[in-house]
*Asks:* 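For reference, the structure I am asking about is given below.
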Protein chains: 2
Amino acid sequence: MTRYAQLAGELRRRIDGGIYRGGDRLPSIRALCREFAVSISTAQTAYARLEDAGLVEARPKSGFFVRSQPAPTDLPAVTRPAQRPLDVSRWDQVLELVERHPPDDEVLLLGRGIPDLACPTLKPLQRLLAERYRHASGQDLNYDALAGSLALRQQVVRLMAGAGSLLHPDDVLITSGCQEALSIAIRTLTEPGDVVAVDSPSFYGTMQILQANGLKALEIPTDPCTGISLEALELALEQWPIRAIQLTPTCNNPLGYTMPEERKRALLALAQRFDVAIIEDDIYGDLAFDTPRPRTIKAFDDDGRVLLCSGFSKTLMPGLRVGWIAPGRYRDRVQHMKYVSTGASATLPQLAIADFIAKGCYERHLRAVVTQYRRQRDLMISWVRRYFPADTGISYPQGGFLLWLELPGGIDSMRLNERLVPARLRIAPGSLFSASGKYRDCLRLNYASALTPTIEAALRRVGEEVTRLYVGVGDRALA
Amino acid sequence: MTRYAQLAGELRRRIDGGIYRGGDRLPSIRALCREFAVSISTAQTAYARLEDAGLVEARPKSGFFVRSQPAPTDLPAVTRPAQRPLDVSRWDQVLELVERHPPDDEVLLLGRGIPDLACPTLKPLQRLLAERYRHASGQDLNYDALAGSLALRQQVVRLMAGAGSLLHPDDVLITSGCQEALSIAIRTLTEPGDVVAVDSPSFYGTMQILQANGLKALEIPTDPCTGISLEALELALEQWPIRAIQLTPTCNNPLGYTMPEERKRALLALAQRFDVAIIEDDIYGDLAFDTPRPRTIKAFDDDGRVLLCSGFSKTLMPGLRVGWIAPGRYRDRVQHMKYVSTGASATLPQLAIADFIAKGCYERHLRAVVTQYRRQRDLMISWVRRYFPADTGISYPQGGFLLWLELPGGIDSMRLNERLVPARLRIAPGSLFSASGKYRDCLRLNYASALTPTIEAALRRVGEEVTRLYVGVGDRALA
């Protein structure tokens with residue numbers, strides 16, 4: 001490790017440990033040089049790196065300051081879903097959320113899982129795509145290899161090495177978005193009537209896959225800091241014939257936590273003990289605020305039971321529909337499922353993304369958006385604190401761009417959404433994320449796009465409606 | 001109808017009716033003017049149109065001649081598959097056929113379902129794609145509407161009006177290739193263990209969908225001229241609990257026939273009587289050699305039981321993965337299945353194809369390839385006649401670019417393929433197209449790409465191996 005990286009690491013530990021707090025002035029360059037016996041340029045580079053990471057801010061003529069980090073003291077409670085396998089429903093609500101509104105219907109969607117598409121670091125990808133399409137011939141217009149283009153699979157292997165997994169390009173299959181990866185993983189492992197254990201709240205897209213395939217969801221209580229409860233999962237594995245565990249352990253959607261590494265290892269050990277497969281959704285993993293990004297469960301998988309699913313819809317553009325799966329020991333059956341699902345995936349977007357990664361543009365883009373998302377997480381949390389009732393639970397995302405709120409007084413977020421219709425606003429209601437109708441008092445927000453005054457005004461409006469409903473709850477309680 | 005179209009129609013009827021035969025000299029322009037009391041330019045236009053359609057050829061200074069059409073006297077026999085529901089297998093063989101060979105492994109695949117990708121009329125599409133990708137922003141990089149882009153759905157509606165169907169854009173859902181359309185149609189209609197009736201031989205991709213979903217295929221005997229046997233189908237419907245009928249009635253893959261319209265109507269009536277859904281694969285329908293193109297079964301569907309599946313992989317480029325489905329009364333369930341399968345489809349290829357159709361480029365391209373495919377059908381049939389044993393059965397495709405051969409003496413086409421390995425050649429063995437191991441003595445060829453001397457030499461080589469195997473059969477019979 002270089003000297004400046006060591007220094008940056010030490011400063012970071014002090015910030016995370018609360019030795020330097022939000023708003024604190026940090027030691028001067030000169031003081032750093034003295035304390036750590038480093039050169040001026042090393043000290044400057046260390047601060048620059050912390051600035052990039054969004055931890056430190058330079059104020060002209062005043063020096064370096066710790067950025068204000070909201071302390072995660074107001075987290076939502078540990079979830080307590082129903083502890084029995086359930087059918088999933090709520091397709092109507094999901095459809096309302098994911099359906100694109102016609103251009104004349106200018107509704108501001110505050111809760112969808114869409115990254116910032118205005119980011120200038122995406123422009124080179126568009127150029128690469130345009131060039132590929134203009135100059136393609138023969139093979140590139142044809143059906144691709146069923147597993148996907150070798151060039152992209154090689155780049156995925158490189159990326160995953162950074163997440164602790166030593167894969168071979170043959171271990172990776174390209175899919176039409178991460179949704180197809182999850183869908184074929186689940187269909188490969190299950191038959192109708194089977195039970196799948198899921199973290200809870202859980203991504204509604206996966207829940208709908210369970211529904212469409214006649215599967216039952218067993219929702220496991222989940223901690224907003226450390227993820228799925230291993231204790232509850234163990235009990236469930238003893239009690240029910242669980243065919244697979246499906247979860248999003250890194251930069252979780254919707255809760256934002258990353259499971260600590262030792263808990264990821266413990267989860268894998270549990271799966272091994274009960275001989276159950278793990279479907280690991282890592283679609284937000286590359287957007288972790290920590291560097292290097294956290295390791296996947298797959299990184300510790302020594303018997304091929306983890307099916308790692310990911311893609312580029314949250315890091316690059318959803319509209320490209322490029323995802324992938326590393327299905328471990330299930331490769332051949334997953335490949336067959338992929339063939340019958342859509343055949344080969346589109347060729348040229350894969351090649352363009354492979355170029356984009358190989359040229360270093362992906363890494364540059366990630367640095368830019370991660371810095372942006374981290375800053376905007378803090379800003380949006382500060383807005384929620386300002387505009388929502390004081391006892392609103394707020395998640396503290398470790399990556400990605402989604403915030404989860406737990407409203408006080410059991411306020412129904414579906415009712416809230418109805419109240420927001422005249423203002424042409426919509427949040428993602430929490431009940432989408434459960435098979436058992438839980439989380440009605442929760443909602444998801446998106447802080448990916450630039451947090452303009454329009455967004456602030458919208459959030460203030462949502463907060464006002466919440467406050468009104470909250471007062472109503474209080475009135476009813478008094479009556 | 002314009003005067004020249006009437007005249008062209010009359011001339012065509014005379015050719016089809018055998019009044020003017022292949023190689024015959026046709027009436028001069030002057031004679032036409034006299035007989036039909038039309039102007040010189042009308043007569044000229046009529047001949048030009050027949051030339052475009054590949055029926056007539058102009059020879060400098062000699063006049064117009066009927067193109068040689070091989071008389072369909074050597075068709076394969078009506079198929080007689082096993083008449084009970086069967087599990088599908090043969091995935092290994094399918095994988096070998098559809099898997100892309102590495103560039104260093106220069107195997108000439110003579111049997112894959114790939115259109116001519118070198119056609120210059122495709123170039124404008126590449127330009128449109130490049131422009132779309134370069135200038136896209138915001139919404140176009142985002143998740144598309146779940147049903148697909150309105151612009152493309154509108155164009156699909158226009159195209160299908162030409163195939164006799166009056167659809168609304170809301171009746172159409174865009175998919176990731178026709179394979180996804182077929183896959184979600186089948187999954188919407190069935191549960192594991194169900195029976196699906198199919199024309200036989202049948203597209204291997206659909207057979208594999210049945211396999212992956214635990215369904216049984218009931219293969220119905222099929223006539224190489226008129227398609228699926230309605231008599232056998234009726235018996236099957238009386239005998240078995242059939243959940244859906246899946247077939248390719250127009251420019252069938254692999255047999256090449258188009259079901260006559262009255263048989264399409266009769267099939268629909270049968271489905272209505274037994275209250276069964278029809279999954280109609282029309283992927284080759286736009287490549288019919290007749291103009292206007294034949295009507296679909298969907299055109300007569302008055303109670304929404306036909307799920308029409310198609311796309312642009314056979315008419316434009318497979319690598320774009322743009323297909324669609326018009327699922328009739330099953331729309332909502334199909335839409336849910338689409339969401340859980342891949343979510344929305346890629347946005348920009350849809351918009352570029354919509355542009356391509358709207359500008360008239362699609363029609364121009366179809367005219368070019370249909371003329372080419374029709375001419376090459378005749379050429380390849382003449383090669384088979386020259387290089388294969390005389391009693392080889394040969395299909396007579398009414399559209400598309402696939403030829404089906406029935407080898408004499410029960411020659412096994414898998415064995416033939418093994419014999420072709422040293423020559424780096426591969427045909428598509430017939431057994432892929434059956435669940436009951438039928439059609440081992442059949443094979444599929446592709447005549448889409450320019451029929452160069454290389455292809456002729458390859459076909460001669462295949463014919464030689466067939467002849468050698470045939471002589472071997474005779475020798476064994478004598479021994």
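So you know, we letter chains A, B, ... as the sequences are listed, proteins then strands, and number each from 1.
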*Asks:* For the residue pair A:Gly113 and B:Tyr143, what are the closest heavy atoms and their distance?
*Replies:* O-CE1, 3.9 Å

*Asks:* Can you name the closest pair of heavy atoms from B:Tyr339 and A:Gly205 and give their distance?
*Replies:*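 Closest heavy-atom pair between B:Tyr339 and A:Gly205: OH-CA, 3.3 Å.
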
*Asks:* Under 4.5 Å heavy-atom distance to chain B, tell me which part of A:Arg132 shows up: side chain, backbone, both or neither.
*Replies:*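 No part of it gets close to chain B.
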
*Asks:* Could you grab the distance from atom OH of B:Tyr133 to atom CG of A:Leu320, nearest 0.5 Å is fine?
*Replies:*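 Those atoms lie 6.0 Å apart.
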
*Asks:* Looking only at heavy atoms, what is the nearest atom pair of A:Asn213 and B:Arg187, with distance?
*Replies:* OD1-NH2, 3.5 Å

*Asks:* Under 4.5 Å from any heavy atom of chain B, what part of A:Val94 do you find: side chain, backbone, both or neither?
*Replies:* side chain

*Asks:* Kindly compute the distance separating CE (A:Met337) from CD (B:Gln208), expressed to the nearest 0.5 Å.
*Replies:* 11.5 Å

*Asks:* With distance as the sole test, does A:Ser183 use its side chain to make a donor-acceptor pair with the main-chain N or O of B:Val340 at under 3.5 Å?
*Replies:*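 Here the side-chain-to-backbone pair exists.
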
*Asks:* How far apart are the closest heavy atoms of B:Gln126 and A:Ala136, and which atoms are they?
*Replies:* NE2-O, 2.8 Å

*Asks:* Looking only at non-hydrogen atoms, find the nearest pair between A:His336 and B:Ala212 and report the distance.
*Replies:*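 Distance-wise, the nearest heavy atoms are CE1-CB, 3.9 Å.
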
*Asks:* Check whether A:Ala118 gets within reach of chain B through its side chain, its backbone, both or neither, counting any heavy atom under 4.5 Å.
*Replies:*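 Contact with chain B involves no heavy atom of A:Ala118 at all.
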
*Asks:* At a heavy-atom separation under 4.5 Å, does B:Ser345 approach chain A through its side chain, its backbone, both, or neither?
*Replies:* backbone

*Asks:* Might you point out which heavy atoms bring A:Arg134 and B:Ala130 nearest each other, and give the distance in Å?
*Replies:* CB-CB, 3.8 Å

*Asks:* From the options A:Leu141, A:Asp140, A:Asn142, select the one residue that forms a side-chain contact (heavy atoms from CB on, under 4.5 Å) with B:Met317.
*Replies:*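 Exactly one candidate clears the test, A:Leu141.
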
*Asks:* Which answer fits A:Asp116, side chain, backbone, both or neither, if we ask what part of it has an atom under 4.5 Å from a heavy atom of chain B?
*Replies:* neither

*Asks:* Using non-hydrogen atoms and a 4.5 Å limit, figure out which bit of A:Thr188 sits close to chain B: side chain, backbone, both or neither.
*Replies:* neither

*Asks:* Picking from B:Ser176, B:Gly343, B:Ser341, B:Gly177, which has the most non-hydrogen pairs under 4.5 angstrom with chain A?
*Replies:*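 Ranked by heavy-atom pairs under 4.5 Å with chain A, first place is B:Ser341.
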
